[in-house]
Protein chains: 2
Amino acid sequence: MTKHKDNQTEEKILIAAQQVFQAKGMDGARMQEIADEARINKAMLHYYYRSKQLLFEAVFNKAFALLAPQLNAILNDDSALEDKIRSFTQNYISFMMKHPYLPNFIIQELNRNPKFIESIKNNVAFPNISKFKMQVEQEVEKGTIVSVNAEQLFINILSLNVFPFVASPLIKAFTNVDDNAYKAMLEDRKTAVSDFIINAIKK
Amino acid sequence: MTKHKDNQTEEKILIAAQQVFQAKGMDGARMQEIADEARINKAMLHYYYRSKQLLFEAVFNKAFALLAPQLNAILNDDSALEDKIRSFTQNYISFMMKHPYLPNFIIQELNRNPKFIESIKNNVAFPNISKFKMQVEQEVEKGTIVSVNAEQLFINILSLNVFPFVASPLIKAFTNVDDNAYKAMLEDRKTAVSDFIINAIKK
DNA sequence: AATTAGTTTAACCATTCGGTTAACAAATGT
DNA sequence: ACATTTGTTAACCGAATGGTTAAACTAATT
């Protein structure tokens with residue numbers, strides 16, 4: 001980062017830290033466990049990242065940088081609303097099935113420390129609703145969809161796509177479904193959710 | 001609980017533990033902080049609840065016992081599907097606005113320890129989808145709603161109602177909305193969400 | 001070969017944390 | 001009145017934890 005040559009150690013640490021932090025959260029993670037996971041000496045963690053807090057922030061920012069473009073796909077894209085909803089749902093669920101820990105990690109840590117969001121809000125690619133809002137308002141005016149508040153619609157889209165990943169243990173228990181069947185249900189949702197949304201707003 | 005007389009101390013501890021655990025989670029909570037919050041000596045925590053783990057479980061079970069009946073309102077009630085969706089949405093959002101920490105706490109701790117759910121599954125009032133599933137299938141057969149999978153519909157209802165409480169810091173940031181405006185949006189959702197759902201499944 | 005800068009390790013340190021102990025106070029029962 | 005049980009406190013304990021240090025090691029640079 002600063003004086004360090006391009007060493008593989010720094011990368012190994014970040015990967016290990018990612019796994020441990022995402023599984024156990026900031027408070028539950030142990031520096032020793034991260035070191036073990038990376039198969040290096042614990043002092044190396046501090047050599048490269050100075051403190052647990054800074055290592056955590058590196059992991060968090062990387063995770064957020066991975067998530068943000070996914071959301072911008074629906075917020076900033078130029079294609080038609082219905083197409084966007086379909087492609088977003090399809091892509092987002094595929095993406096999340098590859099990174100199931102991601103949304104929970106981000107949500108949990110932001111709840112733990114809400115001030116933390118200010119520091120990432122400055123990020124260039126921070127998702128923002130304004131363009132999406134204009135598009136929805138235009139569609140309402142044109143009469144292609146029912147009268148709907150853009151913020152509420154965005155919350156609905158996000159909820160339907162993200163929540164099943166955040167609350168999976170709970171949902172599995174309520175619906176008496178095992179891991180494989182749940183995966184199949186998520187697969188179905190790639191189209192079922194967009195059908196649901198479009199039905200809800202279509203005139 | 002066991003040999004203790006109906007002392008107010010035990011109750012004070014549980015209330016304080018609830019606040020601290022729900023704000024900071026199992027790993028982030030400190031026994032000393034709970035004692036301070038309850039204005040009692042730390043040793044009392046162990047006198048009444050033996051260990052941090054057991055105190056945590058008491059808090060968790062109480063929280064879950066508060067949540068479960070809310071869910072059973074839509075799963076086990078006999079009224080018509082559309083009415084249930086409306087009343088559930090209305091009641092659930094009102095309820096959550098009074099207990100905003102609840103869903104996050106439960107979801108977070110179940111993700112931290114998925115085995116933990118087995119111990120509460122035995123609970124008599126543990127929410128179960130089976131009756132709701134039958135009702136949805138009947139409505140589909142009668143032709144009053146579009147063909148829809150009951151589990152998926154249940155996930156959708158849950159997502160739309162719960163997620164805005166779980167991810168509030170994130171949503172507030174994306175939509176550029178402050179605390180008061182967000183509260184107003186949640187208020188709107190009491191009817192907006194049920195309209196959205198019913199629109200989505202109506203023929 | 002000697003110097004230097006960067007990297008790695010084992011041992012160590014101070015603090016925090018969950019939990020215990022022993023003495024004491026206040027009820028409760030006889 | 002006395003004894004026993006229950007409730008409360010301060011002081012303490014050992015283990016775990018984030019972080020530091022100083023020395024050893026490695027590999028370029030001169």
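The figures here come from the full heavy-atom set of this structure, side chains too, leaving out hydrogens, waters and symmetry mates. Residue numbering restarts at 1 for every chain, and letters A, B, ... go by the order of the sequence lines.
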**Request:** Find the distance between CD (B:Glu109) and CD (A:Gln108) and round it off to the nearest 0.5 Å.
**Result:**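 Output value for this atom pair is 7.5 Å.
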
**Message:** Within this structure, what is the CG-CG distance for the pair A:Asn128 and A:Asn76, rounded to the nearest 0.5 Å?
**Reply:** 7.5 Å

Tell me which donor-acceptor pairs under 3.5 Å the side chains of residues 54-67 of chain A have, and how far apart each pair is, sequence neighbours excluded?
| residue | atom | partner | partner atom | Å |
| --- | --- | --- | --- | --- |
| A:Glu57 | OE2 | A:Gln53 | NE2 | 2.7 |
| A:Asn61 | ND2 | A:Glu57 | O | 3.1 |
| A:Lys62 | NZ | A:Gln18 | OE1 | 3.1 |

**Asked** Which letter, B, S or -, goes with each nucleotide of nucleotides 8-19 of chain D from 5' to 3', with contact meaning a protein heavy atom under 4.0 Å?
**Response** BBB------SBB

Spacing of [X] atom [atom1] relative to [N] atom [atom2], expressed in whole Å:
X       : N      : atom1 : atom2 : answer
B:Leu54 : C:dG19 : CG    : C1'   : 13 Å
B:Tyr49 : C:dG19 : OH    : P     : 15 Å
B:Ile34 : C:dC17 : CD1   : P     : 12 Å

**Prompt:** Is the number of heavy atoms from other residues, nucleotides or ligands within 6.0 Å of CE (B:Met134) greater than 12?
**Reply:** no

**Asked** If you count the non-hydrogen atoms of other residues, nucleotides and ligands that lie under 6.0 Å from CZ in A:Phe126, is the total more than 12?
**Response**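 Atom CZ in A:Phe126 is packed in, count exceeds 12.
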
